[in-house]
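Note that ligands are numbered from 1 as they come in the structure, with each ligand's atoms numbered from 1 the same way.
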Amino acid sequence: MKVKAAAKINLMLDVLGTLPDGYHSLFMIMQSVDCCDTVEVNLAKTKDAGISIRTADERVPKDERNIAFKAAQAFFEATKAENPGIEIAIEKKIPMAAGLAGGSADAAGVLYCLNTIFKTDLPLLELARIGERVGADVPFSLIGGTALCMDKGGVIAPLRPLQNCSVLLCKPDMGVSTVSAYKLIDSAPRIRHTDKNAMLYAMHNSDYKLLCEKADNVFEQVVEVPKRPYIKGIMREYGADLTLMSGSGPTVYGLFSDAQSAEACANMLRRDFREVYVCAPVEHGIEVIEL
Ligand code: ATP
């Protein structure tokens, strides 16, 4: 079975504190965009093959360090389905260590496929509960569209879709480790928190102008991305309504109500950056390509 798994951007990202189990309590408003990895899951030809991962991208781990591998383990553990041996093939298109939930999208793709292949037929929200054990962005990557995700990422409320705009992604040539970004949040003397009420009001009323005003990401206060002001400046020059870092970075995105301006801005940014993509918001996380 083959699926496309979408990247996400954060329209809002805040860290509210610490949960009783020690994890961070998150407030994330997410949007899926059509920058996708392809994930294929098949039964292995030989028995007792365990879980194997194939990918042409040398930077992607092929063992239990791969979050897609962890998702498969979590699936078999939670459902008690017996693993007869599975093969996972991942084609990367989503930039890595970018703040776009690339690994989480792959994990979500694997969970979706296994749920179909093994006929466990868990509702998406149940599957998302399994995903939550693997990573905070996995539940959203499964559900997709536009949503508020709280707590460890698994408390999800769908929101009205973001429409009629282009999303320009620009990843500077550096990676950010999510773990170290959270350490920076923990050690920061003070964090200026986001205006959640106004943002939810904007989302609920599809008020694009207010959304662009209130969109915010606390990681911009602690994660240093030297090229961020430069990228934002160019995006603004070309008419972006909003420029913000996604996740713990370093990807900066711009929202454009005019698609041609987004394309023109992308061409400009490509002079300096390798990873620049013009995307559209999409209403799903996983799309089945082949059953
Ligand atoms: P998030 O926004 O969820 O924090 P990210 O975009 O910042 O995600 P990823 O691309 O998911 O980060 O991966 C970060 C690191 O995780 C990579 O450098 C890689 O070593 C490891 N990794 C594990 N599984 C995967 C995967 N399936 N695809 C890409 N990287 C993976």
Task: Glu224, CD: over 12 other non-hydrogen atoms inside 6.0 angstrom - done: no
Task: Polar side chain donor-acceptor pair, Tyr253 to Asn10, under 3.5 angstrom - done: no
Open item on the list: Can you list, by chain and residue number, the hydrophobic cluster partners of Tyr23 when the side-chain cut-off is 4.5 Å?
Closed with: Leu19
- [ ] Establish, from distance only, whether the side-chain atoms of Gln31 and Thr146 form a donor-acceptor pair under 3.5 Å.
- [x] yes
Task: Nonpolar side-chain network containing Val179, other nodes, edges under 4.5 Å - done: none
Task: Sub-4.0 Å heavy-atom environment of ligand 1, residues by chain - done: Lys8, Pro61, Arg65, Asn66, Ile67, Lys92, Met96, Ala97, Ala98, Gly99, Leu100, Ala101, Gly102, Gly103, Ser104, Asp106, Asp137, Thr178
Do any side-chain atoms of residues 107-136 form donor-acceptor pairs under 3.5 angstrom with protein atoms, and if so which ones, sequence neighbours left out?
| residue | atom | partner | partner atom | Å |
| --- | --- | --- | --- | --- |
| Asn115 | OD1 | Thr120 | OG1 | 2.8 |
| Asn115 | OD1 | Asp121 | N | 3.1 |
| Asn115 | OD1 | Leu122 | N | 2.9 |
| Asn115 | ND2 | Leu122 | O | 2.9 |
| Thr116 | OG1 | Tyr112 | O | 3.0 |
| Thr120 | OG1 | Asn115 | O | 3.3 |

